[in-house]
Amino acid sequence: VSGVIGMIPEGLVLLTSVSFIIGVGRLARKQALVQEMAAIESLARADIICTDKTGTITTGELRVEEILPFGDATIDTVKEIMARLNGAFDDANATQTAVDQYFGKKNDWAIRETIPFSSARKYKAVSFSDAGDFVVGAPEFLIPEDKELLDRINRYSKQGYRVLLLGRSTGISAEQGDKGTITPMAAVIISDIIKEDAKEVFQYFAKAHVAVKVLSGDNPVTVSTVAQKAGVIGAENYIDASKLPTDPIALAQEISKYSVFGRVRPEQKQAFVKAWQANGKTVAMVGDGVNDVLAMREANCAVAMAGGAQAATQVAQLVLTDGDFSAMPHIVAEGRRVINNIQRAATL
């Protein structure tokens with residue numbers, strides 16, 4: 001018994017605990033709330049950080065820049081329809097806020113049926129009793145066969161704009177999830193505002209050998225352009241997530257080629273995290289919405305933005321209390337300092 005006791009460095013247990021406690025205190029001063037002690041080590045060892053575009057690379061503030069009418073549609077007609085479409089839903093996100101501010105909200109048209117927006121569908125639709133049926137959403141999901149118009153829209157995507165397409169439908173069906181046949185009426189051009197400190201943040205991660213992966217529901221060309229402007233290493237390598245294989249083994253082989261993923265569905269985020277882990281990576285997932293929860297549960301370290309969905313903050317091991325992604329380099333550096341000090345002491 002005395003031999004075994006002599007072999008156990010009891011002081012190391014105390015030293016480790018005290019180091020973690022001091023680390024928690026220092027992170028608190030950086031506006032980071034540690035909900036699990038293990039988060040400090042997990043984040044310090046992370047070599048991949050997954051994040052969204054909105055709120056991390058960009059400020060989250062959007063504005064409508066331009067309206068491009070098609071066919072016989074006029075700008076006044078588009079504004080009239082968009083105002084009624086806005087009035088038919090109570091969406092709460094940055095894109096909808098920008099659209100509401102530009103077009104306003106009116107609910108003076110009788111509504112027969114609605115299809116709410118979802119990350120899987122990438123569109124929402126309304127059937128008005130007198131005016132007809134209308135759809136607004138991602139162009140490539142609404143008119144995938146109209147290559148000429150998509151090429152025209154992609155010119156804006158390549159400049160970093162996000163584009164919404166308004167179209168008239170032959171008839172929607174919420175029960176069958178059918179949007180009908182779409183006739184394009186107009187494209188709504190929306191701009192993102194890149195954060196001033198974004199380049200410094202991503203330069204730090206590059207020096208620290210941490211790969212940044214951008215997972216977004218937006219057009220991959222748009223996300224890639226914005227990420228390149230912000231200084232994300234490898235942002236020129238992008239893909240539409242709907243084109244990736246569903247087989248876990250094939251996905252693990254394919255996923256390492258890209259840094260930017262557009263049109264990502266919530267369940268795909270979880271699959272991506274598993275694929276990187278299968279490749280031997282330690283993954284940190286930054287999220288703020290319900291659609292991030294599955295991936296956050298799977299990640300080695302989950303980081304939530306305060307002010308986001310309550311479900312996200314509950315599953316997170318670390319919460320950024322001011323919702324500022326620029327604090328992440330300080331948090332990673334502090335975690336690595338704590339872990340390195342413990343390793344030095346343990347070695348001694």
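The structure displayed is predicted, hence computed values, not measured ones.
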- Is it true that R152 and E148 have a side-chain N and a carboxylate O under 4.0 angstrom from each other? no
- Query: Is any NZ, NE, NH1 or NH2 atom of the basic residue among D218 and R162 found under 4.0 Å from an Asp or Glu carboxylate oxygen of the other?
  - Reply: yes
- May I ask you to decide if the ring planes of F202 and F325 are parallel, tilted or perpendicular, using 30° and 60° as cut-offs? tilted
- W276 and F261 aromatic ring geometry - parallel, tilted or perpendicular at 30°/60° bounds: perpendicular
Would you indicate whether the side-chain heavy atoms of [Y] and [X] approach each other to under 4.5 Å?
X	Y	value
I233	F205	no
L166	M82	yes
I190	R63	no
S259	V212	no
Q277	E298	yes
N154	N219	yes
I115	K124	no
V136	V188	no

Under 3.5 Å, is there a donor on one side chain and an acceptor on the other for [X] and [Y]?
X	Y	answer
D76	T74	no
S326	D197	yes
S127	D133	yes
T347	Q343	no
K105	Q96	no
R344	N341	yes

Mark yes when over 12 heavy atoms from residues, nucleotides or ligands other than [X] sit less than 6.0 Å from its [atom1]; otherwise mark no.
X	atom1	answer
K30	NZ	no
Q176	CD	no
D90	CG	no
D247	CG	yes
Q159	CD	yes
R112	CZ	yes

- Query: When rounded to the nearest 0.5 angstrom, what distance separates OG in S224 from CD1 in I239?
  - Reply: 12.0 Å
Has [X] got a side-chain atom pairing as donor or acceptor with [Y]'s backbone, closer than 3.5 angstrom?
X	Y	result
E334	G23	no
Q268	R265	yes
E36	Q317	no

- Any chance the rings of Y238 and Y258 have centres within less than 6.0 Å? no
- Query: Hey, quick one: are V232 and V286 part of the same hydrophobic cluster, counting side-chain heavy atoms closer than 4.5 Å, chains of contacts allowed?
  - Reply: yes
- Query: Shared ILVMFWY cluster between V135 and F141, side chains joined below 4.5 angstrom?
  - Reply: no
- Task: Not counting sequence neighbours, which residues clear ring pair (Phe, Tyr, Trp, His ring centres under 6.0 Å) with F20? List them please.
- Result: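 By the ring pair (Phe, Tyr, Trp, His ring centres under 6.0 Å) rule, F20 matches no residue at all.
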